[in-house]
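Only one structure is covered here, and it is reproduced in the block below.
We use all heavy atoms of the structure for the numbers below, so side chains are in, but hydrogens, waters and symmetry mates are not. Every chain is numbered from 1 and lettered A, B, ... according to where its sequence line falls, protein lines coming before strand lines.
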Number of protein chains: 2
Amino acid sequence: MDKLPPDNPIVSLETHRTLADRVCSQLKHDIIIGKLPQGSKILEEDLAKVYGSSRGPLREAIRRLEGMRLVVRTPHAGARVVTLNHTMMAEVYVVREALEGMSARLAAQQMSTEEIEALWELLEQHEHGIDDADGKVYFQREGDLDFHYRIAIGSKNQWLIQLLSSELYQLIRMCRHCSSRLPSRPTAALNEHRQIVDAIAKRDPVLAELLMRRHISCAWNVVKELLPGQTNG
Amino acid sequence: MDKLPPDNPIVSLETHRTLADRVCSQLKHDIIIGKLPQGSKILEEDLAKVYGSSRGPLREAIRRLEGMRLVVRTPHAGARVVTLNHTMMAEVYVVREALEGMSARLAAQQMSTEEIEALWELLEQHEHGIDDADGKVYFQREGDLDFHYRIAIGSKNQWLIQLLSSELYQLIRMCRHCSSRLPSRPTAALNEHRQIVDAIAKRDPVLAELLMRRHISCAWNVVKELLPGQTNG
DNA sequence: AAACCATAAATTGTCAACAATTGTGGTTAC
DNA sequence: GTAACCACAATTGTTGACAATTTATGGTTT
């Protein structure tokens with residue numbers, strides 16, 4: 001465990017300077033791992049006690065998580081953990097396709113050779129992970145997000161990085177946690193990842209974008225079967 | 001003036017149920033029109049008095065505007081109005097290209113014939129606006145954002161709508177306000193808009209996306225000349 | 001029995017005081 | 001003369017109490 005999972009850098013790097021930061025991180029974590037069930041009401045007073053703070057910092061945390069779409073709030077009626085349904089995740093994956101496609105395009109132009117080399121090494125690790133996998137699905141998934149996170153970083157576009165890591169990826173993690181054992185397709189995904197890195201290494205932005213969009217589209221086709229909502233094929 | 005400008009629907013429709021909502025709207029407005037200069041410090045106590053509230057609601061407003069990237073905050077040191085430089089807006093326009101490209105693609109699939117008809121009418125209004133224009137640049141600009149906003153709506157993707165209207169468009173407005181008289185290219189833009197609507201009307205998602213991306217790329221090429229930062233062509 | 005209104009409880013919104021942190025200015029030591 | 005250090009002022013972070021609003025409850029009426 002030598003590497004932190006991709007996370008909002010603003011929050012994670014600064015060692016939580018303020019109480020509201022800590023509360024926000026913990027609350028976010030508890031939402032993502034499902035400790036606070038989807039759709040459950042967030043009682044300010046109770047949760048503040050749980051996290052050892054007063055209502056003020058907790059309210060700030062709620063506002064931030066609202067910005068990350070992990071919490072839905074209605075005035076005077078309180079906040080609730082977001083409910084992930086088929087419709088919403090479909091929308092998220094469409095946005096992800098657009099943003100990560102652009103991210104791959106830029107990465108093909110902006111990534112340093114060292115970064116690309118590190119990407120290859122990461123894929124090798126993933127391959128070994130598949131070989132001796134006793135079904136370490138969880139690690140598989142985090143590894144997948146790690147790959148996508150690095151490409152976002154490689155775009156060198158702070159806005160893309162921020163949008164993807166602090167909003168979309170959180171929801172995708174949450175989604176994965178709730179559909180606990182999804183039939184991940186490690187071999188197929190790994191091949192697609194290789195093709196993408198290959199396009200980036202060859203400095204082919206158009207191909208990189210195309211492959212990334214197809215990759216995410218495929219991922220969605222796997223995920224969507226496991227979600228509630230409209231269960232039509 | 002029969003139509004409100006594109007804005008965050010959550011805030012604008014609900015008539016500002018709470019004081020924090022009103023403060024947020026006013027503060028946002030004051031930032032966008034430049035009443036609070038870029039990079040200026042936001043003193044909580046002073047501004048709270050200006051908006052007739054205490055520090056609590058103002059702090060909530062700051063958190064939300066931080067989420068919209070209109071405010072930058074550092075712990076224990078306070079918040080400042082964002083500073084728009086060349087680098088940042090370049091990143092914004094790249095993200096915009098990705099999101100609005102996808103938006104146009106979806107609009108070609110999802111927009112109703114009535115919506116498309118309304119789009120044509122809007123373009124006609126804009127054409128007349130050019131004819132008798134005594135240089136009503138401001139209206140021209142808002143009209144442009146109105147066009148893009150409607151296409152976002154047409155995508156029927158709540159995430160796209162939200163990201164574009166409540167984050168990107170605010171910054172673009174702010175950017176336009178600070179470069180007060182930019183040589184807008186109404187005729188060229190109008191033609192590009194027509195081509196886009198044509199592609200949407202013909203239900204050609206790929207072409208719609210392509211044209212929208214080119215349109216935004218051209219817009220950036222005009223805007224970037226008027227920004228501070230690295231002034232290399 | 002079901003719908004409706006009034007009241008009460010619970011919860012969120014707001015405020016003002018208090019604590020913690022940062023930046024600033026001057027002083028002192030080298 | 002400069003650099004480090006300490007103290008003070010200004011500003012942000014936090015707290016608990018109070019006000020406004022919503023939701024639940026129970027009784028009344030149709």
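Residue A:Arg17 contributes atom CZ, which lies 16 Å from atom C1' of C:dA19 at whole-angstrom precision. Rounding to whole angstrom units, CG of residue B:Leu19 and C1' of D:dT21 are separated by 14 Å. We find that NZ of A:Lys49 is positioned 11 Å from P of C:dT11, with the value rounded to whole Å. With rounding to whole Å, A:Glu60 atom CD is found 14 Å from C:dG13 atom C1'. Distance, A:Asp21 CG to D:dG13 P: 9 Å, rounded to whole Å.
When the side-chain nitrogen and oxygen atoms of A:Arg59 are compared with OP1 and OP2 of C:dG13, one or more of them lie within a distance under 4.0 Å. For the OP1/OP2 pair of D:dT14 and a distance below 4.0 Å, the side-chain nitrogens and oxygens of A:Arg22 include no atom meeting the criterion. Side-chain nitrogen and oxygen atoms of A:Thr18 include at least one within less than 4.0 Å of the OP1 or OP2 phosphate oxygen of D:dT14.
Here the closest non-hydrogen pair linking A:Val81 and A:Pro37 is CB-O, 3.5 Å. Taking every heavy atom of both residues into account, B:Lys156 and B:Met111 meet most closely at NZ-CA, 4.4 Å.
For the pair A:Glu97 and B:Arg105, the salt-bridge criterion is not met [side-chain N within less than 4.0 Å of a carboxylate O]. Checked for salt-bridge contact, B:Glu115 and B:Arg150 miss the test: no charged N lies under 4.0 Å from a carboxylate O. Between A:Arg213 and B:Glu209 there is a salt bridge, since a side-chain N of the basic residue sits under 4.0 Å from a carboxylate O of the acidic one.
At a cut-off of 3.5 angstrom, counting only N and O atoms as typed in the model, there is a donor on one side and an acceptor on the other between the side-chain of B:Arg55 and the base of D:dG13.
Aromatic ring pairs are classed by plane angle as parallel below 30°, tilted from 30° to 60° and perpendicular above 60°; the pair B:His148 and B:Tyr169 is perpendicular.
Contacts of A:Gly56 with the nucleic acid, taken as non-hydrogen atoms under 4.0 Å apart, include base atoms. Among the atoms of the strands shown, none is found under 4.0 Å from any heavy atom of B:Arg80.
For the segment residues 35-48 of chain A, the set of residues with a heavy atom within less than 4.0 Å of an atom of DNA chain C comprises A:Lys41, A:Ile42, A:Leu43, A:Glu44, in numerical order.
Enclosure of atom NZ in B:Lys41 by more than 12 non-hydrogen atoms of other residues, nucleotides or ligands within 6.0 angstrom is indicated.
Listed candidates were C:dT22, D:dT14, C:dG13. Nearest to the side chain of B:His76 is C:dT22.
Remark on DNA chain D: of its neighbouring residues B:Ala77 and A:Ala77, the 5'-side contact belongs to B:Ala77, judged by nearest-heavy-atom nucleotide.
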